[in-house]
Amino acid sequence: MPDQGYGERAQWYVNTVTGEPELGMKSPVTQRMGPYASREDAMRAFQIAEERNALWDAETKAWNRWGDDDGTDRGDGRVADR
């Protein structure tokens, strides 16, 4: 893998406009996702993001329900007035 300078290895990114994987930070920061360890992971960037978002959403819902055994969870992360 090419060296980016300062002894760092180049990592893979995906251009969010073109959908193409890129080795190194070629696209503007507003048009790239990453870094990813491999070209294959960069090609799956949107799927990886979707999977991570679903996991984080589930963790947030579980966090918001924690300790609310009396059914007062309003479902929006806030607890109803008691």
Side-chain angles (χ1 to χ4, degrees):
M1 191 176 291
D3 190 20
Q4 288 190 151
Y6 307 106
E8 295 180 20
R9 294 280 184 205
Q11 294 178 307
W12 287 91
Y13 296 82
V14 66
N15 180 309
T16 58
V17 174
T18 66
E20 294 296 317
E22 301 175 340
L23 185 57
M25 293 184 273
K26 296 179 181 176
S27 297
V29 69
T30 58
Q31 296 179 2
R32 72 173 181 258
M33 291 172 60
Y36 296 95
S38 68
R39 183 178 194 280
E40 292 76 23
D41 284 347
M43 292 174 64
R44 293 183 47 246
F46 292 102
Q47 179 183 353
I48 290 170
E50 188 175 309
E51 290 168 358
R52 289 177 180 167
N53 287 341
L55 176 63
W56 292 334
D57 287 346
E59 289 174 350
T60 298
K61 287 179 184 178
W63 173 265
N64 289 336
R65 285 190 310 265
W66 184 83
D68 188 26
D69 295 334
D70 63 356
T72 58
D73 183 354
R74 296 167 22 145
D76 61 1
R78 297 180 293 163
V79 176
D81 294 332
R82 295 182 183 171

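Keep in mind that this is a model prediction, so the values were computed, not measured.
Annotation: M33, atom CE; neighbour count of heavy atoms from other residues, nucleotides and ligands within 6.0 Å is above 12.
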Can you list, pair by pair, the side-chain donor-acceptor contacts under 3.5 Å of residues 23-30, counting residues two or more places apart and other chains?
{"residue": "S27", "atom": "OG", "partner": "N15", "partner atom": "ND2", "Å": "2.7"}
{"residue": "S27", "atom": "OG", "partner": "E22", "partner atom": "OE1", "Å": "2.7"}
{"residue": "S27", "atom": "OG", "partner": "E22", "partner atom": "OE2", "Å": "2.8"}

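Summarising the geometry of V14 relative to A45, their closest heavy-atom pair is CG1-CB, 3.3 Å, with the distance given to 0.1 Å. Across all their heavy atoms, A37 and W12 have their closest contact at O-CD1, 4.0 Å. Between D41 and I48, the shortest heavy-atom contact is O-CD1, 3.6 Å.
Annotation: side chain of Y36 is not in contact with side chain of R44 (no heavy-atom distance under 4.5 Å).
Listed by chain and number, the residues in a salt bridge (charged side-chain N to carboxylate O under 4.0 Å, His left out) with E50 amount to none (sequence neighbours excluded).
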